[in-house]
Amino acid sequence: MIQIENVSKHFGDLAAVDSLDLTIPDGQFFGFLGPNGAGKTTTIKMITGLLRPDTGRVTLNGIDIQKEPEAAKRYIGYIPDIPFFYEKLTGMEFLQFVGRIYEMDEQRVQDQIDEYVQLFHLESYIYQRMEQYSHGTNQKIVFAAAFLHEPQILVIDEPMVGLDPQSARLLKDTLRTKVSKGATIFMSTHTLPVVEELCNRVGIIRQGQLIADGAISELRSAETQDATLEEIFLKLTYEESDTAAVRD
Amino acid sequence: MKNLTLLQSAINHRRLFRRTKWQILLRRFFGGLQSRKTIFERGSTLVIALGLTIGGYFLFHRLFGYFLGLDQLGKVLLDRIFYLGWNTLFFLLIISNIVTAFSTLYRSKEVKHLITTPVSFRTLFHVKFIDNLFYSSWALALIGIPILSAYTSQLGVPWYFAIPAIIVGLVSFLILAGITAILILMFILRVAHFTSLRMAFIGLAGIAVLGFGTYFFLLNPPAVVVQGPASFRTLNQYLLKLGTKPFPFAPTYWLRELITSVAQLDGSRLLLFGGLLISTSLAGWQILLWIAERWWYPSWQILTVSDQHKRRQYKKNTVRPLRWYWKPFTPQMRGLLMKDVLQFWRLPNQWVQFMLLFVFLLIYLANLFNIAFQLDLQNPFWRTLTFFINFGFSGFILASMISRFIFPLISLEGPGFWFLRSSPLEIKTLFRQKFWLSVGVFLLLAELIVIISNIVMEIQGPLMWLSTGTLVIMSVALSSIAIGLGARFPEFNETNPMKIASTAGGFMTVVLSLLYVAIIIVMMAIPTYTYFQYLTGKAEFPLLAIIISGIAIILINVVTIWYPVRIGERFLERFEV
């Protein structure tokens, strides 16, 4: 379970996240939407402990990420929007490194790596240096790394970028399976059809404030019955002035 | 009319390229100056650099004055030290230029981007060459300025003659080293096309070792025994007979001749050697550009294409049972250590530099062996002096290597820092791993140098224990400085370790490390010298000096070991990705 309680984060005068309250229970697939610069990545970085909130707190399965970071981080698997690596290592070496950082048993690490290499069809790449990987292959390695220690919480920032349709399908199926087994997923993306397909709850953030929260059907009833998520999103996130500017 | 338009277009292109070149260079050196933090950082670096230069001047002035005061012997010794020092500096400059150029001219993302723009390869190469020259030479130039100033001052050259001579001499010297380095690198890459990069570099190192070996073998001087001050006359005659065997085509020779011709107000020699330095630099620069026009872009492409097509498989090396020597470490420490070792061997600019410095050390030891074999130093004063010079050199090498290889370690975590900070890894564990890696590797290396050199110089007993024991503490303290400041001034966006080591933080690390080594050596030297005076009956037993030095050494080490790591750790704990 992820609990975000009255969390704010400022960069100078800019309120990147402003008094955010959210609770995502176990087994929920939460889609976090918002225009560029709305505060999505800042929120994700506070959940994963990469940024410290100015006020409020984030707890993962009841553990405060700022007070007991090592204990809280054991529960999460994080997939950033632009993952950079130790590009001189091979995929295999990187995954083994990840297993050791999570203090997993060596045999279990190898079993898990074998499983994900097979799942993501990485057999012909896994022993090459990561500097030679395409963006899509890099993305698959990040997913394997995040899944390796079987985390209860997955925090994902823009997962579909660079993936071919087959890999995207595979990933969606894998995420769905994880949720069905009780994992909690917090996913930020601009790919709205993916959210419609996977998420059972959606939150929309704008200028650091949560402006909508609920199942897609709930958001839809508040607007029109036939509206797509894209139409709802545009309606909620764009000001009248923005619409006028687009029209001009 | 058509010809006129073509001419106009060519002129416009030339102007555009010239402007581009200056824009790139100006951005490199003055970019970011609108930020207060950058101004503060660069201002502090400038102040420290000035302080170091002025301090260095007084130190070398005193040292050279001491040598010149030693009758005939001093002048010859000073001459030999000048050649040895500047040849070493030339060698280090070549290494430094090669290592930096590998990433500046070939692996840089900026080059990859600029190649897609309408900037000619000649302009691009030119810009990156100047860029490289600056990065590789500034630190050594900073050492060169006070040495040459002190040297000219001791030779009695008026400052208004000395300053232009130093500028001409030093700038030409740095440029010649840079040109030589890039020509060597381009040649290596041409050879690497037919074999591998590793083999090409190993081949070059092999040739260098053979060359130096032959040089020392040919220079093998006749033996002389120095048993005490009574034999100074013999040593004098010996050294004078031996003289200096300068190589007349070496830049060091030209530099030395330029300085002495200014001191002797010898106009024709001044013109000859000043002219030689300037004309060779300018001609070398043009030749380099001419060769680069033909070699640089093809070799850049060969390297890039081979990177993409090599697709080397590491299967056999990666999946195997855990070796016994990894088992004592916790999984996290093991993971971090394995990663660092793999990265080191796969970053050519790291291991090439390490290898070349290692070759340099071997040459030093061979030279020391040669000296010790030829000069049977039985007098306790000379033996102690040689011991401290050697110990100082070992400390200097240790400080330089730790600053160069350990300071960038935390910054090199940059690409994966998002992962480390979102994982259950404590910053303390990361620090411990870097710390023990540094202590383990460099302690072993430093102890090897000191023990071998002590055996060569027949130093045993208390001095042997003193040096080996002090080096243990020194490697711990120097590692602490490098890791602590490396974490306090991280450069997470830079992937080139050489550039990371050249930042303001890196510079501060070198200065503090050298200062630390100097203080420790002085603290050790004072009681040791008095102790030897006591042994010869010239002084009382230096109990007070030993107690004061001992307490001071303990205090300095406690602060040096504890404080840098503490500030680095605190900074990283609060660091937001």
Side-chain angles (χ1 to χ4, degrees), chain A residues 9 11 42 44-52 65 68-106 109-110 113-114 124-132 142 145-146 149 155, chain B residues 107 304 306-322 326-327 329-348 350 412-430 433 492-493 495 573-577:
Chain A
K9 181 75 188 174
F11 297 112
T42 305
I44 280 182
K45 285 186 171 180
M46 287 192 285
I47 296 173
T48 51
L50 296 175
L51 287 178
R52 271 188 321 278
I65 186 112
E68 294 173 75
E70 286 79 34
K73 286 171 186 173
R74 286 188 190 281
Y75 291 115
I76 54 169
Y78 171 47
I79 295 127
D81 51 348
I82 309 165
F84 291 101
F85 292 112
Y86 305 103
E87 49 180 32
K88 295 287 169 197
L89 301 189
T90 66
M92 174 62 81
E93 287 159 353
F94 177 64
L95 292 176
Q96 287 175 334
F97 168 69
V98 171
R100 288 173 186 135
I101 292 295
Y102 280 88
E103 297 177 298
M104 293 166 69
D105 173 69
E106 292 279 334
V109 173
Q110 210 48 57
I113 292 174
D114 291 343
S124 50
Y125 304 104
I126 197 71
Y127 299 109
Q128 287 173 9
R129 286 189 199 176
M130 289 194 288
E131 64 191 346
Q132 293 157 346
V142 180
H149 64 288
V155 183
Chain B
R107 302 277 192 198
T304 316
S306 74
D307 271 358
Q308 282 165 2
H309 289 278
K310 224 183 270 165
R311 304 252 178 240
R312 187 173 167 182
Q313 297 282 339
Y314 285 88
K315 189 165 189 170
K316 284 178 190 165
N317 296 332
T318 49
V319 185
R320 58 186 177 195
L322 201 65
W326 290 116
K327 289 188 176 167
F329 299 103
T330 63
Q332 288 185 337
M333 284 281 261
R334 198 187 303 149
L336 289 164
L337 279 170
M338 283 175 156
K339 171 185 71 64
D340 279 353
V341 171
L342 286 169
Q343 276 188 313
F344 178 82
W345 286 114
R346 289 179 194 167
L347 274 169
Q350 288 279 81
L412 286 176
E413 293 293 349
F417 207 61
W418 63 270
F419 167 72
L420 295 181
R421 292 302 278 141
S422 62
S423 75
L425 178 83
E426 280 187 76
I427 288 293
K428 271 186 191 140
T429 313
L430 185 69
Q433 179 262 331
F492 285 132
N493 295 322
T495 51
E573 270 164 5
R574 302 186 67 78
F575 188 81
E576 296 188 324
V577 182

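Only heavy atoms go into these numbers, but all of them, side chains included; no hydrogens, no water, no symmetry mates. In what follows, chains are A, B, ... by sequence order, proteins preceding strands, each numbered from 1.
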Problem set entry | Contacts of A:Leu51 that satisfy side chain to side chain contact (heavy atoms under 4.5 Å, CB included) - sequence neighbours left out |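 Testing A:Leu51 for side chain to side chain contact (heavy atoms under 4.5 Å, CB included), a comparison that skips the adjacent residues, returns A:Phe11, A:Thr42, A:Lys45, A:Met46, B:Glu576.
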For this session: Taking only Lys NZ, Arg NE, NH1 and NH2, and the carboxylate oxygens of Asp or Glu, determine whether B:Glu573 and A:Arg52 approach each other closer than 4.0 Å.
Result: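 Salt bridge flag = no for A:Arg52 with B:Glu573.
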For this session: Pick one of side chain, backbone, both or neither for A:Ile76, based on which atoms fall under 4.5 Å of a heavy atom in chain B.
Result: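 Only the side chain of A:Ile76 comes within 4.5 Å of chain B.
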Problem set entry | Region of A:Val98 that comes under 4.5 Å of a non-hydrogen atom in chain B |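 For A:Val98, backbone and side chain are both near chain B.
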Between [atom1] on residue [X] and [atom2] on residue [Y], distance to nearest 0.5 Å:
X: B:Ser422; Y: A:Ile47; atom1: OG; atom2: CD1; answer: 12.5 Å
X: A:Thr48; Y: B:Phe419; atom1: OG1; atom2: CZ; answer: 12.5 Å
X: A:Tyr86; Y: B:Phe417; atom1: OH; atom2: CZ; answer: 8.5 Å
X: A:Glu87; Y: B:Gln343; atom1: CD; atom2: CD; answer: 9.0 Å

For this session: Specify which of A:His149, A:Met104, A:Lys9 makes the most heavy-atom pairs with chain B at under 4.5 Å.
Result: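 Of the options given, most contacts go to A:Lys9.
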Problem set entry | Top contributor to chain B interface from A:Pro80, A:Ala72, A:Ala145, A:Gly49 [non-hydrogen pairs under 4.5 Å] |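 Looking at each of A:Pro80, A:Ala72, A:Ala145, A:Gly49 in turn, A:Pro80 comes out on top.
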Are [X] and [Y] packed together at the side-chain level, in the sense that at least one heavy-atom pair is separated by less than 4.5 angstrom?
X: A:Phe97; Y: B:Met338; result: no
X: A:Thr90; Y: B:Arg346; result: yes
X: B:Leu342; Y: A:Lys88; result: no
X: A:Glu106; Y: B:Arg334; result: yes
X: B:Trp418; Y: A:Tyr78; result: yes

Exercise. Hey, are A:Tyr102 and B:Gln332 close enough side-chain-wise for a donor-acceptor pair under 3.5 Å?
Worked result: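 Absent: no donor and acceptor within the cut-off.
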Exercise. For B:Ser423 and A:Ile101, which heavy atoms make the closest approach, and how far apart are they?
Worked result: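 That would be OG-CG2, 3.3 Å.
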Exercise. Which heavy-atom pair separates A:Glu70 from B:Leu425 by the least distance, and what is that distance?
Worked result: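 So the two residues come closest at OE2-O, 4.1 Å.
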For this session: Look at the side chain of A:Lys73 and the backbone N and O of B:Arg421, then say whether any donor-acceptor pair between them is shorter than 3.5 Å.
Result: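 Yes; at least one donor-acceptor contact below 3.5 Å.
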Exercise. Using non-hydrogen atoms only, which part of B:Leu336 is less than 4.5 Å away from chain A: side chain, backbone, both, or neither?
Worked result: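 It is both, since atoms from each part get that close.
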Exercise. In terms of heavy-atom contacts, does CG of A:Asp105 have more than 12 from other residues, nucleotides or ligands at under 6.0 Å?
Worked result: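 For A:Asp105, atom CG is crowded (more than 12 foreign heavy atoms under 6.0 Å).
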